Amino acid sequence: MNLNQVIASISAIEKETLKALESEKAKGPKEIAGDANIPLDSVRRAVQWLKEKNLIQLEEQEEKSLKLSPAGKSSLRKGLPEKMFIEALQRLGGKAALEEVKKESKLNTPELHASMGLAKKNAWLTISKGEKGVELGLTGLEEALLKGEYSLEKALNAVEAGEEIEEAERKELLRRGLAGESTIVKRTAKLNQNGLNAMKMLSTVKQRTYNVQGQVPKLFIGKKQPYIQFLEQIRSKLVALGFQEMASPLTTQEFYNFDVLFQPQNHPARNWTDTYQLKKPKSGKLPPNSIVERVKAAHENGWKTKSKGWGYNWSREVAARVMPTAHGTAHSARQIVKGVEVPGKYFTIARCYRPDVVDATHMIEFNQLEGFIVDESFTFRHLLGMLKQFAIEVAGAEDVKFFPDYYPFTEPSVQMSAKHPKLGWVEFGGAGIFRPEMMEPLGVKAPTLAWGLGIDRLAMFKLGIKDIRYLFAQDLDWLRKSEMVSVK
Amino acid sequence: MPNVEVSLKDMQKLLGKKLSLKQFEDAVLYAKGEIDAVEGDKITVDVKETNRPDLLSAEGLAREIRGRISNDRGVPKYKIKKSGVKLLVDKNVSAVRPKIAAAIIKNVKITQDTLIQMINSQEKVCLTFGRKRKEAAVGIYDWGKMKAPMHYRAYKPREKKFIPLEYKAEMDLNEILEEHPKGREYAHLLKGHKLYPIVEDDNRVVSSMPPIINSQVTGKVDEKTRELLVEVTGHKQDVVETALNVMVSAMAEREFDVYSVDIVYPKEKVTTPNFKPKKAIVSLKEINRISGLELSKKKALELLAMARYDAKEKGGKIYVEYPAYRQDILHPVDVIEDIIISYGFSNIEPAEVKVATVGGESKEAKQAKIVREICVGMGLQGILSFTMTSKEKQAKKIALDEEKEEFVEIANPVSENYAVFRKRIFPELLEFLSRNKHCLYPQKIFELGKTLELDSGTETGTREENTLSIVLSGKGFGFNAIKSALDAVSDNLGIKYTLKESAHPSLKEGRQAKISFGGKKGLLGELSNKTKQSFGVEQDTVVLEINLP
């Protein structure tokens, strides 16, 4: 990096630190923090960065520093012994026997003698012999001491405050053991030549540049759930192909799930292990009797459809039972009972339920894309044509294959495999022409081509997942990272 | 869908052609079969047609396929000899299980494999066509150990004893229903009856107690058995005879000799099996109207023969006869499908659907799109949870009484975790938070989906709501933050709301409210410490839940 680049990369705290060092004097971090008015931590970081950018040099100096000893601290608190000695004498009237002063001052004998010596040396004290032995008196020169002007006392205070003191006082404090001395290393920073040059140029550069490769905080945007995105796009596709969306309730009467679809009530597929049943509510209401009676007749004897029917006694009670919707065709049945337009195209994205153990390939709750098209002109060939269109438009398939299949409600029935460019051949849907026993009792004579597409596999591919449970992902990190889904 | 296990070698023999596995895979499509698994010579075929028990055996599959790939066409002809054996039906079975059909099979050349296959086939017929033995239960016995005439009569539960299959000691009929595994499984089929049906020989040696279990003495067949009695019981003569035809015609495919049995009812006599073909009529016009194939008369007749029909055309109508082992033909469309299968799905040119219609989304989908856009605009992450959940999450964990809360409830849950339909979404979102505590905060999530409540006023007894729930979690989220979210939804939908102080036990006192939102209900507030604990949520968390009008 040349100097221009270096200057351009300087942050605000680095700039303030440089300014504080402009005087060319070496300064420690504390000093810089005070001068630049920025936190000490920031200064330490800035100093490190500036060193790496070669704008400053760091120096280390050894310095001796004084510290009060326990005796020094005690003197600071109580006063120096010599001061206590003079104060005691003053309290005794300025004249007193040695013994009296000793008592008054509470000094011990060595302290007393040292104090006496010092007082004499400073000419605060007269010593004479009287009736009571040695008699002491004040000279008047002790005034300064009592007013706090005593140089050693001042030195004590200064050391405590970390200030400099005169050499004489330093020696005296050390001699009397009131202070001790230790060596510390003081680190300072100083602009180097590069730094001085930079300072001259600094005012001409306005904005710092960034390391464009650097990490920045993640921004988590608001997003639709990926499977919802996928389903919305599927829905748009179907609408664009001219399909009307049908209602898709979560629960249904067995009437729509099975009976309208000509599935006999004693059929094993209607039992406990293949579908969910409800404890509450147990049953619902059936549509108008005219329809129910015809459905009943279709099951029992084929009604007027040329069919033999299933030949058993059909029960209203069984048909009225309510269950979680087991397949999307239940919604087609409901729509046809309600009424359809001919020609018409209908679809639904149905939430369906099947008892199972939830694992990477099984869910008890899943979506089915279901529907039908109805017109007088439709034949089995149109059914294949429609499936092929779905495979190409919805799944992006390149080729399709058709196989015979079986559904209780369609005849003929067909299964489609679609060749997906990435997935290869995939079973993609089932379809068929609704049986006359189903449609004629509902008043629809036109051929009705029913279809259901397995979209979960396609969704998994689009979402890039291997575990089907991720369609209902409970993993926030994955949801935040997931790309927007596109259906082509 | 039923699986059939076959051996490729055996199949080749039955088909009279040395098909490769790949060729067999294509051929088995004619019988709506799909290869599920291959293990050496053993092939598991998934037969998708649940209404054709005649396809649930190697013999049946081969018979169906031969029509399409060889000149063995039309209704299969099997020879039946008269055995003269009588099966006498007592009138006392009429209340419990009145009908029976039977045949005697001789010249049985059986290997271990065919034996297993026969038994599997028997079980599948009982399961699918027989509606889990209710309508038809099949029994196969060692005829060599029995003495004619046979008897079908009913006994009091303690009156009769025999050794059930795979058991060592005699048990009375009641003990069998209570103790034998098959007895317990099928006891419901005899529930409420005072007499239980028994098939036995003239020495009163029991063959079986239909539809429950065979006897160990005569009901045990193995590869040394040379003569068989096959019997089917049920409630309708045509049903039991069809089931018998399915079993016996498969044996006839193996070139065993079939002998008839005279069933003597109190007031009539029937001779079974009866292989007389059944009849149907279908018009050429209808064939072409449904298939779209524009078939000629000749072509249609050929395709029918391939599907093992005998057919004659007269005045635009085609009179078909089909094998007595089939019972799935209810309507002419069933015949038409067989014609199309013979034609080959891969030979059909798909026709473009040119009918133009106007498409449209449901009202609900349109609203959902707008509401989700509002939520995304607020920077919320969309979530999708299951609509089936647990009572614990929906009640106990949000401080509601599990006993008093009523749900749309599953009668046969696989797991307690999915035992009720959700009434509200926010507990599911709180559960989501608890699973994502390691992720960066703030966590702002929403779900729009269906909730379900009991409602006797609707046709399904349930009421669905389109419910929006928003949960914000992270440092400093309080009542005002979630109220702002409500405002954003309300302002952008143009729906006014009113608030009232509330006392929901999952939310903090004095920091929550009930919402009335365009006639629908909702709530919002700060999550109480107790609820936070029950979900293991540590951050400040606020919730909103409204039903959309």
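Hydrogens, waters and symmetry mates are skipped; everything else that's a heavy atom, side chains included, is used. Chain letters run A, B, ... following the sequence lines, proteins first and then strands; every chain starts at 1. Owing to the predicted nature of the structure, the values given are computational and were not obtained by experimental measurement.
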Exactly one of Val408(B), Leu452(B), Thr462(B), Ile410(B) clears side chain to side chain contact (heavy atoms under 4.5 Å, CB included) with Pro324(A), and that residue is Ile410(B)
Beyond-backbone contact of Leu330(B) with Glu411(A), side-chain heavy atoms, under 4.5 angstrom = no
Residue Thr348(A) versus chain B: region with a heavy atom under 4.5 Å | neither
Measure distances from Ile349(A) to the heavy atoms of chain B and classify the residue's part below 4.5 Å as side chain, backbone, both or neither.
-> neither
NZ/Lys48(B) to OH/Tyr407(A) distance, rounded to the nearest 0.5 angstrom?
-> 7.0 Å
Give, for atom CD1 of Ile383(B) and atom CG of Leu479(A), the distance between the pair rounded to the nearest 0.5 Å.
-> 5.0 Å
State plainly whether the residues Glu286(B) and Lys306(A) are in salt-bridge range, i.e. N to O under 4.0 Å.
-> no
Whatever's closer than 4.5 Å to a heavy atom in chain B on Ile364(A) counts as side chain
Kindly indicate whether the side chain of Lys444(B), heavy atoms from C-beta on, has any atom under 4.5 Å from the side chain of Phe220(A).
-> no
Contacting moiety of Phe347(A), where chain B heavy atoms sit under 4.5 Å | side chain
Non-hydrogen atoms of chain A under 4.5 Å away: do they reach the side chain of Leu127(B), the backbone, both or neither?
-> backbone
Taking all non-hydrogen atoms of both residues into account, name the closest pair between Phe345(B) and Leu384(A) and its distance.
-> O-CD1, 4.5 Å
Give, as side chain, backbone, both or neither, the part of Arg435(A) having an atom under 4.5 angstrom from any heavy atom of chain B.
-> side chain
Tell me whether the centres of the aromatic rings in Phe386(B) and Tyr353(A) are closer together than 6.0 Å.
-> no
Is chain B contacted by the side chain of Ala247(A), its backbone, both, or neither, given a heavy-atom distance below 4.5 Å?
-> neither
Within a strict 4.5 Å, meaning less than it, do heavy atoms of the Glu459(B) and Arg334(A) side chains meet?
-> yes
Taking every non-hydrogen atom, the tightest pair across Glu349(B) and Arg381(A) | O-NE, 2.8 Å
Ring centroid separation Phe421(B) to Tyr276(A) under 6.0 Å = no
Quick one: of Pro350(B), Ala365(B), Ser456(B), Gly377(B), who has the most non-hydrogen atom pairs under 4.5 Å with chain A?
-> Pro350(B)
Any side-chain heavy atom of Ile290(B) within less than 4.5 Å of one from Ile433(A)?
-> yes
If one checks every heavy atom of Met323(A) against chain B at 4.5 Å, the contacting part turns out to be neither
Is it the side chain or the backbone of Phe262(A) that comes within 4.5 Å of chain B heavy atoms, both, or neither?
-> side chain
CD on Glu34(B) to CG on Asp405(A), rounded to 0.5 Å | 8.0 Å
Would you call Ser413(A) and Glu337(B) a side-chain contact if the rule is heavy atoms closer than 4.5 Å?
-> yes
May I ask you to test the Phe378(A)-Val355(B) pair for a side-chain heavy-atom distance under 4.5 Å?
-> yes
At a heavy-atom separation under 4.5 Å, does Asp356(A) approach chain B through its side chain, its backbone, both, or neither?
-> backbone
Calculate, to the nearest 0.5 Å, the distance between atoms CD and CD belonging to Glu447(B) and Gln225(A) respectively.
-> 8.5 Å
What part of Pro408(A) gets closer than 4.5 Å to chain B, counting heavy atoms only: side chain, backbone, both or neither?
-> neither
Per-residue contact mode, Leu29(B) against chain A (heavy atom under 4.5 angstrom) | both
Any donor-acceptor N or O pair under 3.5 Å, side chains Glu365(A), Thr387(B) | yes
Taken to the nearest 0.5 Å, the spacing of Asn412(B) CG from Gln277(A) CD works out to 5.5 Å
In terms of heavy-atom contacts, His331(B) and Thr305(A) come closest through NE2-O, 2.6 Å
Given a strict heavy-atom distance threshold of 4.5 Å, which part of His235(B) is in contact with chain A: side chain, backbone, both, or neither?
-> neither
Portion of Phe402(A) that has a non-hydrogen atom of chain B nearer than 4.5 angstrom | both
Examine whether an atom of Glu437(A) lies under 4.5 Å from a heavy atom of chain B, and if so say whether it belongs to the side chain, the backbone or both; otherwise answer neither.
-> side chain
Please flag which part of Val358(A) lies under 4.5 Å from any non-hydrogen atom of chain B: side chain, backbone, both or neither.
-> side chain
Roughly how far, to the nearest 0.5 Å, is the CD atom of Gln229(A) from the CG atom of Leu384(B)?
-> 11.5 Å
